[in-house]
Amino acid sequence: MNKTCGIIAAAILCASISGADAETIKLGYLTDTSGPTQDISKPSLEGFNLYIDRLNKAGGVNGRKIEIDVRDTGIDTARAVATAQEMIAAGSIAIIGLPLSTVQAGVYAAMERNSVPVVAGYPSNIGLVLPPAKANAYATGIVFDLAGYIGGELARDAAPKGKTFVCTSFESPGGIVSCKGAIAAAKAKGFEKAESVMFPIPTRDFRAIAERIVSLKPDVVLLVLGRSRLIAMTPALAAAGYEGAAISMEAGTGDDAVREVAKAAPKIDMWSYTRFVSQGYGEGPQVTALANAAKAAGIKEWIQVHSGGWALGMLMEDVIKRCASPCTSEKFQQALNNTKLDMGGLTGAPIQFSKDDHYGPTTYMLVHYDRAKDAMVPLKGWRNYSSTLPKF
Amino acid sequence: MSWLGNLLTALATGCIYSIMAVGVVLIYRTSRVLAFHVGEVGMLAAYAMVTIWTPKAGPLQTIEAILAGCAVALLAGIVMYILVERLGGRFGHFIGTVVTIAATIALNGLMSLIWGGQTYRLPLFPGAISVAGANLPLQNIAVIGISFMTLTSIGILMRYSALGIDMQAIACNLPLSRLHGIPVQTTLCAAWVFGSMLAALAGVLIASVSVVSIEGSFIGISAIVAALIGGMTSIGFAIVGAFLLAACETLVTMFGEPRFTPVIPVICLLILLIVRPTGLAGRSENISRV
């Protein structure tokens, strides 16, 4: 009898040990695969999935598989919040993805009440992650306030003798703060005149807006537009007779789109600045790994958004590695607060989070369109920026 | 600031709104249904075209692309006719309008499914000419030329062809037209197809001066507002409404605050409701013609 009991007890112990080994970490990924920003959101998810699939095929993180619960929320905040609640109820320990700033504030607030960390990916994030950061809000993309300011500074490189700077964007919170920061930075960099031209979100015909911009006689125009609007606006600028420099903020735009519009606007000197690398430049082990994975997946050209998605995957692996089993939301957040992860060439600085800073220092690269080579060519390598927002 | 360039931009925009607004009026006057789906039909045709057409396309490929756009418009027109007139007709005109709203959602979903929300350029008329120091994009000139020919053809068709006269008769009095032996269902189907064709042309033209994107279907709202300004009873006044709207939008963008352009149609409608509630045409529906 005792022998039988011993065998049963041993069997239960073995089962519980193997159960612990086979622990699956569940993460909820919110994205837009059906709404107006799906052209940006899909590549971001694609890059993330490439990394996680590779990781799971290799056995997971210390034997723990990662299960991703991907849900489409469009860019509807109420739907995103409700879906995040469902995911938590279904066992997700953190909410990730959210590649667009539009729904982030609502999800951050709702998840704070549940004490669940939220890690927003690339491209766009809101300033709640900058120090002093909101308790559960983390991000790996670009914060518009900061990125706008950086764009204003980099405009000087694109137009060294320029006197007039124009920032144009659509009337979203991100667009407005970007241009506000860009104008402050441009003035600090010696531009005599710096103005913004904002337009409504539904605008699709940019001819009149382009005429308005050209009438200001700018030497350089900062385009905070995203992919679809960049494709529409730049040829309209060219048709209106603009022949100066144009810098596109890489916020899910993609180098392929910049090259396309540069060809459609042969007299515009086309630039872009980016936090993550794209196919064609950048080097490092993770760049090579992403290139191989993208090739195997049949992706013709991987762009910055893929890099951003891959970077989020790397971060998840790193945090789960440091999250003791059973990995709960609380332990996951503790691990997030002590993050310093080398990006292996995807960007110039490590992703670095602390208790008060959930964004960390970042690097940006100015890239110029070389017409002869039909390629984007980096200028002066990575430039460092702190997560402290300049006063403007 | 080039006043000539701005004038051309406003004229070209007015032309595009006009074409789509005429389609809206045609459908409304024959079926009494407000066609909310015209913008989506326009973008669907533009997507179909851009799938085949490339900037380096030869004449054959261009013809194939145009045929693809026409096929989409034809299909959309026939399907909407069946849905609204044959299946939904017994439920009344209000249900017909609701069907067109449902069609906007369905067509948006279809475009999202097939083209994944991607944005494409459709530069059918690249280049520019310089006149008196002003840079005049060829796309604006081409749009004005094509629109002029289209609107003139529609005018001739309505006034002199048997189909146009049948449409006018149905617009005036449907039961009486039926008693007179006018092939009502065939004529209604033709009106839906014409409306779709005009929407497709406007969609392709707006895409050629901007981009092909799902959000581009927003142009449908401008066209409906233009038709409403015109009073929904007259093709001519719908065209006037379209140019009025385009002029206001361009003026606000150029000399005022571009952020206020979305409220221009609303303001135009409000002023019209106060000053002339029956629209510019000022005719009540039962005595008016297409």
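Lettering of chains follows the sequences in order, A, B, ..., and the numbering in each one begins at 1.
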Peer 1: Does Asp32(A) come within less than 4.0 Å of Arg79(A), counting only side-chain N to carboxylate O?
Peer 2: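 No, no charged N to carboxylate O under 4.0 Å.
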Peer 1: Counting only non-hydrogen atoms closer than 4.5 Å, does Thr13(B) touch chain A with its backbone (N, CA, C, O), its side chain (CB onward), both, or neither?
Peer 2: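 Contact with chain A involves both backbone and side-chain atoms of Thr13(B).
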Peer 1: Heavy-atom pairs under 4.5 Å with chain A: which of Val211(B), Ile214(B), Leu138(B) has the most?
Peer 2: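 Winner by heavy-atom pair count: Val211(B).
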Peer 1: Would you say the side-chain atoms of Arg121(B) and Ser208(B) include a donor-acceptor pair closer than 3.5 Å?
Peer 2: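 No - no donor-acceptor pair under 3.5 Å links their side chains.
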Peer 1: Please state whether the side chain, the backbone, both or neither of Arg227(A) comes within less than 4.5 Å of a heavy atom of chain B.
Peer 2: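 For Arg227(A), the contact with chain B is made by the side chain alone.
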Peer 1: Is Glu301(A) paired with Arg259(A) through a side-chain N to carboxylate O contact shorter than 4.0 Å?
Peer 2: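 A salt bridge links Arg259(A) with Glu301(A).
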Peer 1: Quick one: of Ala207(B), Pro123(B), Gly116(B), who has the most non-hydrogen atom pairs under 4.5 Å with chain A?
Peer 2: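 The residue among Ala207(B), Pro123(B), Gly116(B) with the greatest pair count is Gly116(B).
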Peer 1: In terms of heavy-atom proximity below 4.5 Å to chain B, should Ala236(A) be classed as side chain, backbone, both, or neither?
Peer 2: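 Neither the backbone nor the side chain of Ala236(A) comes within 4.5 Å of chain B.
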Peer 1: Regarding Tyr369(A) and Asp374(A), do their side chains bring together a donor and an acceptor under 3.5 Å, going by distance alone?
Peer 2: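 Judged by distance alone, the side chains do pair up.
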Peer 1: If you define the side chain from C-beta out and look only at heavy atoms, does anything of Thr168(A) sit under 4.5 Å from Val224(A)?
Peer 2: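 The answer is no; the side chains never approach within 4.5 Å.
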Peer 1: Please classify the contact between Ala257(A) and chain B as side chain, backbone, both or neither, with a heavy-atom cut-off of under 4.5 Å.
Peer 2: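 The answer is neither part of Ala257(A).
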Peer 1: In Å and rounded to the nearest 0.5 Å, what is the CG to CE distance from Asp205(A) to Met233(A)?
Peer 2: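 Answer rounded to 0.5 Å: 10.5 Å.
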Peer 1: I'd like to know whether the aromatic ring centres of Phe206(A) and Phe199(A) sit less than 6.0 Å apart in this structure.
Peer 2: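 Yes.
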Peer 1: Using a cut-off of under 4.5 Å on heavy-atom pairs, state which of Ala232(A), Ala208(A), Ala238(A), Ala264(A) scores highest against chain B.
Peer 2: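 Top count of heavy-atom pairs under 4.5 Å with chain B: Ala208(A).
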Peer 1: Decide yes or no for Glu243(A) and Ile268(A): does some side-chain heavy atom of the first lie under 4.5 Å from some side-chain heavy atom of the second?
Peer 2: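 Not in contact.
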Peer 1: Please determine, among Met198(A), Lys42(A), Arg204(A), the option with the most heavy-atom pairs under 4.5 Å with chain B.
Peer 2: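 Winner by heavy-atom pair count: Arg204(A).
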Peer 1: Can you tell which part of Glu249(B) gets under 4.5 Å to a heavy atom of chain A, answering side chain, backbone, both or neither?
Peer 2: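 Neither part.
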Peer 1: Is it the case that the side chains of Glu260(A) and Tyr120(B) hold a donor-acceptor pair, with the cut-off being a distance below 3.5 Å and no angle test?
Peer 2: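 Distance-only check fails for Tyr120(B) and Glu260(A).
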Peer 1: Name, in order of residue number, those residues of residues 43-59 of chain B that have a heavy atom at a distance of less than 4.5 Å from a heavy atom in chain A; otherwise write 'none'.
Peer 2: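 None at all.
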Peer 1: Please report the C-alpha distance between Cys248(B) and Cys268(B) in whole Å, then the side-chain angles of each, then the deciding distance to 0.1 Å, and finally whether the disulfide (SG to SG under 2.5 Å) criterion is met.
Peer 2: CA-CA 9 Å; Cys248(B) 289; Cys268(B) 286; 4.2 Å; no
Peer 1: Please look at Ser213(B) and chain A and tell me whether the side chain, the backbone, both or neither of the residue comes under 4.5 angstrom of a heavy atom of that chain.
Peer 2: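 The answer is the side chain of Ser213(B).
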Peer 1: With no hydrogens and no angle check, do the side chains of Gln279(A) and Asp255(A) hold a donor and an acceptor under 3.5 Å apart?
Peer 2: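 Absent: no donor and acceptor within the cut-off.
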